[in-house]
Each structure stands twice: as C-alpha cells, then as structure tokens.
Amino acid sequence: MKNFKIVVTILLGMTISAVAGGFDLIESIVPPGVVFEALALNKDLPTPAKPKFRSPAELTPAPDGSRIYICEQTAKRITIFDVASSKMLTNQILLPNEVTGCAVSKDGNTLYATCGSESWPAGYVCVVNVVSGKVTKRISVGNYPRSPVLSPDGTKLFVCNQFSNSVSVIDVGTEQQVNAIRVKREPYALDITPDGKTLVVGHLLPDGLSTDTVSNASSIVFIDIAKMAVDTIRLQLGSKSIFGLTVSRDGKYAFATHLIGRFTLPAINLNHGWVQSNNLAIIDLNSKKILNDIELDDATTGKANPWSVKCSPDSKFLVVAHAGSNNLSIFPYDSLVANASRGIDLSHDFTVTQRLCKKVQVTTKGPRSLAIVGNNVYTAGYFDDSAATIEEFGMSNASKNTYTIGEPQLQNSERCGESNFYDGRLCFAYWQSCSSCHPQARTDGLNWMLSSEVTRQRNTKSMVHSWWTPPTGWSGKRPHAGGIDGSIRMSIQNNLLMQPTEDVALPLDTFLMALKPMASPFLEKGQLSQSAKRGKILFNDGEKAGCAVCHPAPLFTDNMSHNAGVPDPDDASQNFNTPGLTECWRTGPYGHLGSYNTINEIIKLRAHASKASNLSTQELNDLVNYVLSL
Amino acid sequence: MQYLKKNYRRAVVSVLLCTVATSAAVLPKRLDLFDASENKLMYITFEYESGRNVSRTIYMADSTFVRKVMITRNADGAPAKEVSFNFNDDTSYVTSYQYSGTAAQVKITDQFKMDQIGGTVNYSSSGKPDYELTFQKTGAQAARIKYENNGDGNLNKVSIFDKGGKLQYYGLFTNDEVGVMQKDQNTRQKCIQAIVKTRGPEQLELQLSLEAAGEVRCELITLSGRSAAVLFVARADAGQQRLQFHVNGNGRQIANGVYLLTVSIDGKMVVRQRYLHQNGLIGGVK
C-alpha cells in the first residue's frame, strides 16, 4: 500500500510535469499562432484579408465525357462535375499548390495536374489516382507550369513552363521528365496534332525589342516531337496574350486567341479596335503559316480578352470564351475556315464575326475556361462573386443552365480589384481591360503613345510595387497610383474612356497595394546563388557598381528621375523615373523605350552606371545574376 | 494528509525529478505540414541558441526557402514580435503577439504594414491542448488547433480542423532535421551514390553521383542530437564529383569525440554514419 501510494505520487508528478512542461513548450516555441501564420500566409487557411477563392481556371472533360474536372486554381483543388446527373461530386482532389490545368489519361483513371503559384513557382505535375483522389507522385518540371497535354497514344505528357520558357516532355510510364525544349517568351497554351507528331505552342509575350515596329509579336512554335526540332512563326505585329490554343480534330489547323495591340498608333480612339483588337489566329499546320487572323469584336462593341478556344468533338463548331466581356463566340467551323481561306486579311474586319458568329452572354464573371461535351459547352467564371457556375449551352438551341460549384464567397476589396483589373466591361464598349496592356498585372512588352503623351512612346510598366514607388510612369507625371489624379483613375478616364467611380477605383487601389512579386527563376531553391551573392556585394558597393545609390533595397528605386543615358530622339530632357528592379527577370525589354533586351546592355551604358564598365566579365555576370534574382 | 507529511520529501523529489526529466525533453527541430490528403505542403525548422528558440525558417515541401523569422520574446519567454526576412534579407512580414491573461492576439502585416489576416486572431490557452482561434473583429473561427505529445512531453503532432471538426491540415514534429518524408513523394533530385572517405588529418572527401544539381550539406551531429557543426554547404552539379573539405575549416575547432556525420542533398539525408574526430590525428568515418 505504501509503495502503491508512492507510485501514485510519482505518476501524479509526471502528469503535472508533462502538462506543465509539454504545453509550456508549445506556447514558447510553437504557439498556435505559428501554425496559423504558416498556413495563412501560404493561402491555405482563409482569412478575411485573404479569403480562399475558387478561381476555376480550367475545365477538363474526361475522355468518355462522363465528367468534367474543374481546376479551382487558388483553392488548390479539383472538383468533379458529373455530366449525367449535372451535379458536383462530393469528393474533391486536394493538391499541394495552385492547380493551373489538368490532363486525363485515356482510361480516365489518372489525372496529370500542373501545379505552381506566384508564391511557390517551382513547378510540378501531380499524378493523381482518380479513384483514391490522392496524389501518387510529383514530377518536377519548370517554373510555373500549365497547359498539360497528353499525346494521343498516352505515352507522353507535355507541359508549358511559363517562366522557364520551355516545354517539358514527361514519360508517362516512368513518370519522369525526359526533356525540356527551349521555346519563346512565356509559353502559355499548348496542343498536339491528332497524329501525335507536332506540338503547337502559343506564347504570352512578344520577345523582340519594343522599338521594333515591323515584326515584334508573340510567337507560335511548332515542335516536331520525334526530332525535338523547333520551328517558329510570329503572329501579326503587336500580337500578344495567346491565352488559348487548340488544334482542329483533323489536324489541319491551329486556332490561337490573342490580342493585337496597335501600338504604332496613338492610343486615343478605342472604336473599331484601333487600340487593341481581340483576335483569333488560324494557322495552317501543313505549311506552318498563318492562314488568317480573324477579329472577334463586333464593329461597335469589343469582346475583351479572348481566352480559351475549343473545337466541338464533331468539328461543327468552334467556341471562344471572352474573359473580359463575359461572353462566348460560337462559330460554324467550316464556314469560319472557308472565310479565312479566301485570301482577304480579316484581322481588322468585322464582317466574318457579323455574319457567322453567335454571341452568347454568360452570367459567370470572367469565363476563362471551356469544355465541350457532346453538344454542350461548359464554362466557369474565374471571378464569380456569388456562386461559381458552369453554364451549359446547347449549340443549336442556346439553352442555359447554371450549376453552383460550392458555397457562395463574399469578395473582399482586393478580389474586387483583381476582378475589375480583368473586366473589359469597365471600358468603353468593352474593347479592353487593364490586363490587355498589363497581362497578369505586368507588362505586354510593347511601347505605347498614351493619350497624355501623344507623341512620346513609353514602354508598358509592370504594376508590381507601383503603389509603393510614387510617382508613377516613366516621366513621373502622376504623383501616385491612387488618389483623384493618380494613375489608376486617370487610366480609367484616359485609356478605358470611362468616368472613374470609386466603387471601381478603390478596389483597384487595394489590388495594386496587395500585389506581391513572384520568386525569380534565377533563385536556387528560393535563395541567391553563389554568383548572385557576389553580385549583391557589387550592387551595394559604391566603389564597384554602386547600383544601390539609385536602386536601394527593398524596392530598388529611389523614386527620383535621372538621365540613364538611354537615347530618345523624342524626349530632350532624357530624365526618367528610376524603375524598380523587382521582377525585372520578367519585365524586359528594358529602358523607357524597351530598347534593351538584356540587363547587361543597360548596365553598361556609361551614363547609367559608369563604374560598371570597370567590372570584369565575371563581376558583371555576378551583378546581372543578382539583379535578375530580385 | 498523514501520508503526504510522512512522505513529503519523497513526493517532492519525485515531482522535481519528473519535471527535470520533462524539461529535458528534446526541443522540436522541425514541423512538417500536410493537407488532409497527406500532400506535404511545407516545413518549418526551429533554430536554437543556448536552448532558446531564436528563429524559425519556412521552406516549401521541396526545400525552396520562403522566409526566415527572427523572434523577440517578452520577459515571460513568450514570442512578442517576429520579423520575417526574404532571400535578400529584406523584411517581408511582421507578426506581433499580445497577451492578456491566458489569451493571446496575433497580428500579421507585410513590409508595407498591410494587414495580412484582416485584423487579429485570438487564441486562449485555457483549452489546452486544443486551441480555438477566432478572428477578433467577427468572432468567426479562424482555426481549431490540437496538439498531441508522445507521452513524454515531446510535441508529436498538431492537427487543424474546420468548424465542422473535419481535419484540414496536420503537422508532424520531429527532432531530426530530415523530418518526415512521405514514401510516395518524389523530388527531382536522385542521389545515386554518396560516400564519405577520410583523406588525411581532419580531411574528408565526399564522393557524389547526382542525377540533378542540388544543394549538398554535410553536418556533424552530436550523439544527443544537436548540431555540432555544418562542415560544408554548397551547390553541386549533376554527375559525378568529389568534394573535399577540412573538418576544422573556417576557424572551427571541433571537440574530439564521436559524432554522427550526415550528408543531405536538397534536404534529403543520404549519408548518416559515425565519425570519430581527434584533432590533429587521422580520425575518420566508421
């Protein structure tokens, strides 16, 4: 009994100590706040400031048409829509990062989901067992992957790596990347010919100098899969933002949605697409030449920001989703191709659209995705504010049904601002949105003569940190991004030709304030490389390069105007607002005229960084690596 | 009461012994976070100085560095202010804690002082080991967090539930920096061969064959599990190579003794073997 009491005492002591020691430990090292912070800042746990929106970015039908997989990008999951019952299935597929697209194996048992985000751009293809709904493998690919496409025989998977400027080739059997093919700037959309021999890749941005007024445009790349050989053509001058691409069922043509920025003209008249037109390029895959380029706009109304494009399984129709104007364009396929083949340039001609196009308004906000199953078209709104929906349109009878993906989500100011940024309905006659010149809130790589400076071209600037680095614009004309006379409201007035109201402008303010840069692909596992570390020393050393004098961290601009020695025949003053260097790995070409393709060139300008000419080749290389890591 | 009086000294000693035993519990080195489908999302390593947690570093699942958090504590030892730094050592976030009795408030802002969570999050310690976190403005649930230990007072697991009680995320604590690696997870890096050989007094050679470039880290760990020294950290190219380094390089002076020598490639441990170190003599791997 005595020993029993001793044992009880000891046990009691242990319990008291365990409770005191263990949970005091929790509070001091890993309080609940730490766990919450890690998951909230990674946008896993929703918060009032950063709710977890669905953002359905892609719809992928199963091969047998029984299901549609809805890639809810920012919710990091795939929801499954059952076509027969027209219901969302309850089992969802969770993914470790934002999902940008998926492909389905022929037997329907495996999904290949591309995952990457601005906060974690290192790309993976997540192999998902459809039955269990679990990721069985992550295949490392390039930076910010999207557009996964399986070869017709199912043995290979191809993926665009937007910021690696490459296309990954993955062996499905071994589930490993076997090749990464270098393509052009920011590959975004991809499809394969039915014979499995050729990949067709569309790119987001032009890759030439902005001063090129002859041929600077986004490219279409053809990849011969057997030889891994690459051919390139450019679309029409000023073409950009190829967000959607599809190959016809017979393999004869590729269709690519894009914008044409008519940057050689002063941007003062939106009518008839004189600033931006919203187009569909038709490429003859046999000759690898552009058959024609169809303007999708109506004569008096634009259809801003064409995104996804798909052919119906029976090849009778071609459908385009317009994310900026919330409608679909449905064309009879044969008539479209016949008109395109007549040899008349249709890139600024509204007659084809007038005669052939059936325009269908959708109630979803920001339809970027399309799926065609049987005779029905499905789309989903990226920015739906009440309930994300899929709308079903019979091709022939235009009936509509709406399906709710999940619980309604209240949009906060930042999300409203993002939605406004992509909304062409805020523009006069829906011709363009902010994103037309600032795709993904960055730059389109072109020079523009804006209405405020009609005779002077200026290179489009990225919006990242624009709020925090006043004044705005190359000339520093606007004191700030926000405020009555700030860039946001002036741009709505002068470039979208609408009266800026606060219900539109205030959320845009919040969106720009909150915009965060993406990690550079020049970082190594998120850290500076050894070369970049050496470059950082040079950057900050006043005796060596001394860049930090005008580009001090953390925003890398002194917000003052200087003469950097960039020649400009139209501007005698030669003083321009110091650009921030954050994300300059993706904002080229450089200078206020976009006249330098590489950072090396602009560093070496004597008036810009005179000390840089004294750097050795290795030192210059290190400095450039550091700058490109920002 | 009689019993306690009689055995008072024995009871006190028992409690003290147990407290000491518990206090000597191993400090967590790493927390791996997973979603409900067991996808590994990220991990956090905890850094200590003189047994006091001074910082933590957040990595994504593939060891991509996200930020390093430096911790300032109040007089009671609880975190008061934490500043996060990005890859360029610039501030990315600031987290502040305020305490009132058993309750704490968390506020997170970015470098522009923009609120990242919409106000503050409250949690109360009265409900140990479960915590209900609520948004102060609305009182709505932010998270429900539950801790578990392994019976010895060492933190083992933390689970995060939604308001319906459904598991959303979970975290596993380890005292090993390698942490928990899911069997089905695969990273790009495949180390085909890694051998450490002695090449002279205090001189080691690492022979590597890598499928892809990666960060190589060679470390000495004491037998009690604490890091004694990081001998070598560098990026190695794909292919075969030999990397030589001096155990007492960079001004180090490793104490004589037996250690665990570990080699990690991109955070994945590929070598773990005993190493006998004797200053000035040829010691070596065993």
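Computed over heavy atoms, backbone and side chain alike; hydrogens, waters and symmetry mates excluded. So you know, we letter chains A, B, ... as the sequences are listed, proteins then strands, and number each from 1. In this text, all values refer to a predicted model and were calculated from it rather than measured experimentally.
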**Study point:** Heavy-atom neighbours of E118(A) CD exceed 12 at 6.0 Å
**Key:** yes
Revision key, fill the gap. Applying a strict 4.5 Å limit to non-hydrogen atoms, the region of I160(B) in contact with chain A is side chain
Practice item. Select one option (side chain, backbone, both, neither) describing which atoms of I145(B) are under 4.5 Å from chain A's heavy atoms. Key: side chain
Point to revise | Check: I117(B) and F36(A) side chains under 4.5 Å, non-hydrogen atoms | key: yes
Check your understanding: Taking side chain as C-beta onward, heavy atoms only, is Q527(A) less than 4.5 Å from T64(B)?
Key -> no
Check your understanding: Is a salt bridge present between R67(B) and E37(A), judged by a nitrogen-to-oxygen distance below 4.0 Å?
Key -> yes
Exercise for review: State, yes or no, whether a side-chain contact exists between S520(A) and F87(B) at a heavy-atom distance under 4.5 Å.
Suggested key: no
Check your understanding: So which part of A36(B) gets closer than 4.5 Å to some heavy atom of chain A, the side chain, the backbone, both or neither?
Key -> both
Exercise for review: Under 4.5 Å heavy-atom distance to chain B, tell me which part of P46(A) shows up: side chain, backbone, both or neither.
Suggested key: backbone
Point to revise | Sidechain N-carboxylate O distance under 4.0 Å for D35(B), K76(A) | key: no
Check your understanding: Do N88(B) and F556(A) have side-chain heavy atoms sitting under 4.5 Å apart?
Key -> yes
Point to revise | Residue F135(B) versus chain A: region with a heavy atom under 4.5 Å | key: side chain
Review point. Which bit of R52(B) comes within less than 4.5 Å of chain A, counting heavy atoms only: side chain, backbone, both or neither?
Key: neither
Point to revise | 4.5 Å side-chain heavy-atom contact, N53(B) and V30(A) | key: no
Review point. Are side-chain heavy atoms of Q116(B) and T47(A) found at a separation under 4.5 Å?
Key: no
Review point. Are P96(A) and F34(B) close enough that some pair of their side-chain heavy atoms sits under 4.5 Å apart?
Key: no
Practice item. Examine whether an atom of K516(A) lies under 4.5 Å from a heavy atom of chain B, and if so say whether it belongs to the side chain, the backbone or both; otherwise answer neither. Key: side chain
Point to revise | Heavy-atom pair count under 4.5 Å with chain A, highest-scoring of Y93(B), Y97(B), F112(B) | key: F112(B)
Point to revise | chain A contact via Q168(B) - side chain, backbone, both or neither, heavy atoms under 4.5 Å | key: side chain
**Study point:** Contacting moiety of A519(A), where chain B heavy atoms sit under 4.5 Å
**Key:** neither
**Study point:** NZ/NE/NH1/NH2 to OD/OE distance under 4.0 Å, K50(A) and D115(B)
**Key:** no
Review point. Where does L39(A) contact chain B at under 4.5 Å (heavy atoms): side chain, backbone, both or neither?
Key: both
Exercise for review: Go through the atoms of L41(B) and report whether side chain, backbone, both or neither lie under 4.5 Å from a heavy atom of chain A.
Suggested key: both
Exercise for review: Measure D162(B) against the heavy atoms of chain A and call it side chain, backbone, both or neither at under 4.5 Å.
Suggested key: neither
**Study point:** Check: F173(B) and I29(A) side chains under 4.5 Å, non-hydrogen atoms
**Key:** no
